[in-house]
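Since the model is a prediction, treat every value here as computed from it, not as a measurement. When reading the values below, keep in mind they use all heavy atoms of this one structure, side chains included, and skip hydrogens, waters and symmetry mates.
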Amino acid sequence: MTTELPRADASLRHTIRLVGALLGDVITACEGKQVFDTIETLRRTAVRFRREGRPADGELLQDSVRRLRGNKSNDVARAFSYFLHLWNIADDRDQARQQRDQTLRGGEPARGSLRDTLAHLKARGISSAQIRRLLTDACIVPVLTAHPTEVQRKSTLDQHQAISALLLRREQPLTDDEQAQVEQELLGRIATLWQTRMLRTTRLAVADEIDNALSYYRSTFLAVIPRLYADLDKLLRPSAKPFDPPPPPMEPFLRMGSWIGGDRDGNPNVDAGTLDRALRRQAAVLLDHYLQEIHALGAELSISSLLAGVSPELQAQADVSGDDSQHRQDEPYRRTLVHVYARLAATARNLTGEALAQRRTYEASPYADPAEFARDLAVVGESLAGNQGAPIAHLRLAGLQQSVAVFGFHLATVDLRQSSDVHERVLTELFARAEVCLDGKPLDYAALGEDERVALLRGELAHARPLASPWITYGEETTRELGILRMAAACRARYGRDAVRQTIISHTETLSDLLEVMVLQKEAGLLANSAGPAQSPKTLEGLMVVPLFETIPDLERGPGIMAAWLDLPEIRERVRYAQGGTQEVMLGYSDSNKDGGFLTSNWTLHHAERALVEVFSARGVRLRLFHGRGGSVGRGGGSSFDAILSQPPGTVAGQLRLTEQGEIIQSKYKDAEIGRRNLELLLTATLESSLAPRQEAAQAEADRVDDYGPAMSFLSGQAQSAYRGLVYDTPGFADYFFMSTPINEIAGLNIGSRPSSRKSNQSIEDLRAIPWGFSWAQCRLMITGWYGVGSAVERYLEEGAPGAPRSKKARLALLREMATTWPAMRTMLSNMEMVLAKSDLAIGARYAELVPRRALRERVFGMITAEHERTLSMLRLLTRRELLADNPGLRESLNQRFAYIDPLNYLQIELLRRWRADQAKPGKKPDPRVRSAIHLTINGIAAGLRNSG
């Protein structure tokens, strides 16, 4: 395949043409020239249609895909999908190249780079000491989740990484022979990709998700995170000399988190065994890395005691080593590291049950904890620093020491998550089976009112006796929930407290939802009796209880719930002693969007954050927000850097956790260079947001809310009314959705261990937010990122609102001012503009034709079309320009991509029609190749649109 990018960057254009031509060669060799010619004809027609917009080309494209039969549908779907994969790889590599070239040329540092951010902070009078103070207590944690929007197999992603590495090699100065060799290797990798099955034949198990996530630690996190710490430290110590000893490892402010193995909300496949497996596999990957590093360090530290001095502590370590090689008698560092290696090997056997050592070793005592391992490394570092070996310590040792500080023996903190409904059912059974009485009557916990529940649960927390009994057999759900909490206690004892620190409550609606989890922790041995006036950190040990406020009503109730929570004396003491004065709150983007639409979700989240800051500030408790963001704009996607900077003042303050989900993990962390850039953006955005003058920023935001809040509240109400009017109040809308999108076919993609719906019926309410948004992206309508905004703006301009300027002209001026000066509004509109640029009503209309009931089809799609036109019109009015006119490069790039996504949409529509028609015929067995081709088109469209999950 080839492509035409007449105005794109020359280097990127050349790379895309190269990989497209190589893919074409592979297709011709493997499938024959006739198949290649079919694909090429479709490509040319689609490009011409995008460029010239002639209806005849659209009809020709549709007729062409209708004529595809048998394996040809699969070949076409694979060809366009793989080309879009290759385009993504080339695009990512080109962005990384541009940033590197800019640095090499001595130009301005890239926006969001460490150098750029520290320069800006310095210009504002913020010192290195102030930055270090902030980082001492900071917490920045990207949390990997297994939410099912990554449609690629790991085998495919491995080839992507290999191709990306080859494209990186092409950027280096090469001889003609070396260039030819790289292109030959590229051809081999692309041929492997073509002959690798794109789709999974079975659904992913949680164990697969664990292993998939761990591959990113090997390729990216283990190498990048210590390097990022080192680079930051170097920039903060500009006067350091080459022979100055390396500073001790920085306090770990940037860590990794994971939900994989502990998130059981709606996933019956997660239990105590999966949590145990997750942490064992994490420890195995980490300890294998440490063993490799120690072996490499031993090879490097060939220092002879005949030529350089060593500290007494280092010599003592060397003397107890079991290394008796005559060749190393004068090499105390190597002898010491042989012993460290032996102890690590024993630690690995102890923690994972695996023999991870790849080198011959001997029996030694395992390390009791990471701190003991760190002390041995510190002895090596101090000896080097005291004997003119500081530059040697910088080679590998300092990075390894920082790794131990960050990763410990657990690698990443695994969060637990479960729905409040499950906790309620478990406690109902525990109280009933324990024959607890209230007012002389058997207690039915589920029937209690909120005040009665709170009183009962607080009393239970103060009670020393257990509620659960080892001699009672409980139901499956109760047994599973107690089992995973007990496993969490065991894993914390084995790997350290950082292995499991949080338990998150989905659908938090009341104060009792939080107290229920406290009681369950006590029953599982995670939390001791909290009664008594004097408390110690040990007595108060347990998991931090983190509420997740998801829907619009929950977000509105959230600040009040947290005020009541922090006002409980026993909780206040717990937060102070066991949690270091910090309480985390998680905010859900997906469900609030599905519940109230794009604008209302954004405004409600913004309002909730400001209210939470006030609640926490009044009680002297540090707030840490955990943002449940996804890939698509409707799920909080878009630029993480811009999103962090647009947060209300006081909501970051050095504390930030956010989810990284689905295909976004691959996009952001596929290799070390790209992963470094994205982690750096999280760090620098946190610094920028946290170190802005607090009082000044807070006052500016308060003034904006005073000035703009009434207008935004009106817009939010109108947008929500329009959105819910379509989704929840339009008769037959659910039928339209399930027929006009590939939602049912997405469920068969085997892209995750979690079911796509909470119940088996076809209900919008029970459908998970992730497949909801993913489906709208597939049919190119993406209503989750814009629907309702046009109606809201139009009504505000036409009718006004309480407190609004009297004239339409003045109201328009106010909205334009909001769009340019208020970061929250500016970021929201920027994200919406991106979604609108990726939407295509003409293609959406073809999906609508899958709905057999004409009246329903015309009614629902008519509403979508009218709102789309209205939203585009209102956006133009606010921005005073056409869509993406301020970013012509992005607009051009998207238009070029669409020519390769369009054929997949046309093909998907035709295949859906065939598949469903065959399913409806009694006794007819649908052709499995059709279903396979549908799944291939889903894969390709997702790859082409990128942030669609």
Q: Output the distance between atom NZ (Lys670) and atom OG (Ser219), rounded to the nearest 0.5 Å.
A: 11.0 Å
Q: Measure from the side-chain N and O atoms of Asp137 to the backbone N and O of Arg133, and report whether any donor-acceptor pair falls under 3.5 Å.
A: no
Q. Got a donor-acceptor contact below 3.5 angstrom from the Ser383 side chain to the Leu314 backbone?
A. no
(Q) Suppose we call two aromatic rings close when their centres sit under 6.0 Å apart. Are Phe221 and Tyr216 close by that rule? (A) no
Q. To the nearest 0.5 Å, how far apart are CD in Glu584 and CD in Gln502?
A. 4.5 Å
Q.
Quick check: closest heavy atoms across Leu681 and Phe641, and the distance to 0.1 Å?
A. O-CD1, 3.6 Å
(Q) Tell me if a side-chain donor or acceptor on Thr220 pairs with a main-chain N or O of Gly675 at a distance below 3.5 Å. (A) no
Q: Could you verify whether a donor N or O on one side chain and an acceptor N or O on the other, from His339 and Tyr362, lie under 3.5 Å apart?
A: yes
**Q.** Non-hydrogen atoms of Asp276 and Cys491 that approach each other most closely
**A.** CA-SG, 4.4 Å
Q | Shortest non-hydrogen contact between Gln282 and His410, atoms and distance | A | NE2-O, 2.8 Å
Q | Student check: side-chain heavy atoms of His627 and Met586 closer than 4.5 Å | A | no
Q. Quick one: CD1 on Ile190 to CD on Gln195, what's the gap to the nearest 0.5 Å?
A. 12.5 Å
Q: Using the side-chain hydrogen bond (donor to acceptor under 3.5 Å, both in side chains) rule, take Tyr333 and Glu300 through it: C-alpha gap first, then chi angles, then the decisive distance, then the call.
A: CA-CA 10 Å; Tyr333 288 99; Glu300 288 178 3; over 6 Å; no
Q) Where the side chain of Ser215 meets the backbone of Asn212, is there a donor-acceptor pair that is under 3.5 Å apart? A) yes
(Q) Between Arg281 and Asp211, is the salt bridge (charged side-chain N to carboxylate O under 4.0 Å, His left out) condition met? List the steps. (A) CA-CA 8 Å; Arg281 292 293 302 128; Asp211 290 340; 3.2 Å; yes
Q. So, Asp265 and Arg417, do they make that salt bridge, N to O below 4.0 Å?
A. yes
Q.
Under a 3.5 Å distance rule, please check whether Tyr229 uses its side chain to pair with a backbone N or O of Leu254 as donor and acceptor.
A. yes
Q. Does the gap between the ring centers of Phe373 and Tyr290 come in under 6.0 Å?
A. yes
Q: Please tell me if the side chains of Asp323 and Arg328 come closer than 4.5 Å, counting only heavy atoms from C-beta onward.
A: yes
Q.
The test is side-chain hydrogen bond (donor to acceptor under 3.5 Å, both in side chains); show your working for Ser164 and Asp671 and say whether it passes.
A. CA-CA 8 Å; Ser164 180; Asp671 63 39; 3.2 Å; yes
Q. What are the two closest heavy atoms between Ile294 and Leu337, and how far apart are they?
A. CG2-O, 3.6 Å
Q. Is any side-chain heavy atom of Leu527 less than 4.5 Å from a side-chain heavy atom of Leu543?
A. no
Q: Hey, could you give me the CG/CE distance between Leu482 and Met487, rounded to the nearest 0.5 Å?
A: 13.0 Å
**Q.** Residue pair Pro247 / Arg237: nearest heavy atoms and the distance that separates them
**A.** CD-NH2, 3.4 Å
Q.
Let's go through Asp92 and Arg97 carefully: what are the C-alpha distance in whole Å and the side-chain angles of both, what is the deciding distance for salt bridge (charged side-chain N to carboxylate O under 4.0 Å, His left out) to 0.1 Å, and is it a yes or a no?
A. CA-CA 9 Å; Asp92 291 338; Arg97 178 192 60 77; over 6 Å; no
Q) Would you call Gln315 and Pro312 a side-chain contact if the rule is heavy atoms closer than 4.5 Å? A) no
Q) For Leu351 and Tyr495, which heavy atoms make the closest approach, and how far apart are they? A) O-OH, 3.0 Å
Q.
Between Asp415 and Trp259 (side chain of the first, backbone of the second, donor and acceptor by atom type, cut-off under 3.5 Å), is there such a pair?
A. no
Q. So, Thr352 side chain and Ala284 main chain: donor-acceptor pair closer than 3.5 Å or not?
A. no
Q: Could you walk me through whether Gln317 and Glu313 pass side-chain hydrogen bond (donor to acceptor under 3.5 Å, both in side chains), step by step?
A: CA-CA 6 Å; Gln317 280 195 348; Glu313 293 81 8; over 6 Å; no
**Q.** Distance (rounded to the nearest 0.5 Å) between Asp376 CG and Arg343 CZ
**A.** 5.5 Å
(Q) Could you check whether any side-chain heavy atom of Leu275 comes within less than 4.5 Å of a side-chain heavy atom of Leu416, counting everything from C-beta outward? (A) yes
Q.
If you apply the rule salt bridge (charged side-chain N to carboxylate O under 4.0 Å, His left out), what do you find for Glu673 with Arg677, and how did you get there?
A. CA-CA 6 Å; Glu673 186 175 13; Arg677 173 64 177 159; over 6 Å; no
Q | Side-chain heavy-atom pair Phe407, Ile225 within 4.5 angstrom cut-off | A | yes
Q | Any donor-acceptor N or O pair under 3.5 Å, side chains Asp330, Ser304 | A | yes
Q | Exam field: side chain Arg657 to backbone Val141, donor-acceptor pair closer than 3.5 Å | A | no
Q. side-chain contact (heavy atoms from CB on, under 4.5 Å) with Ile163: which of Leu168, Thr192, Ile89?
A. Ile89
Q.
salt bridge (charged side-chain N to carboxylate O under 4.0 Å, His left out), that's the test. Do Glu178 and Arg169 meet it? Break it down for me.
A. CA-CA 10 Å; Glu178 290 170 336; Arg169 277 178 57 192; over 6 Å; no
Q. Just how far is it from atom CG of Leu397 to atom CG of Leu395, taken to the nearest 0.5 Å?
A. 9.5 Å
Q.
For the backbone of Arg132 and the side chain of Thr136, can you confirm whether one donor and one acceptor N or O come within less than 3.5 Å of each other?
A. yes
Q: Determine yes or no for a side-chain-to-main-chain donor-acceptor pair under 3.5 angstrom, with Thr145 supplying the side chain and Thr659 the backbone.
A: no
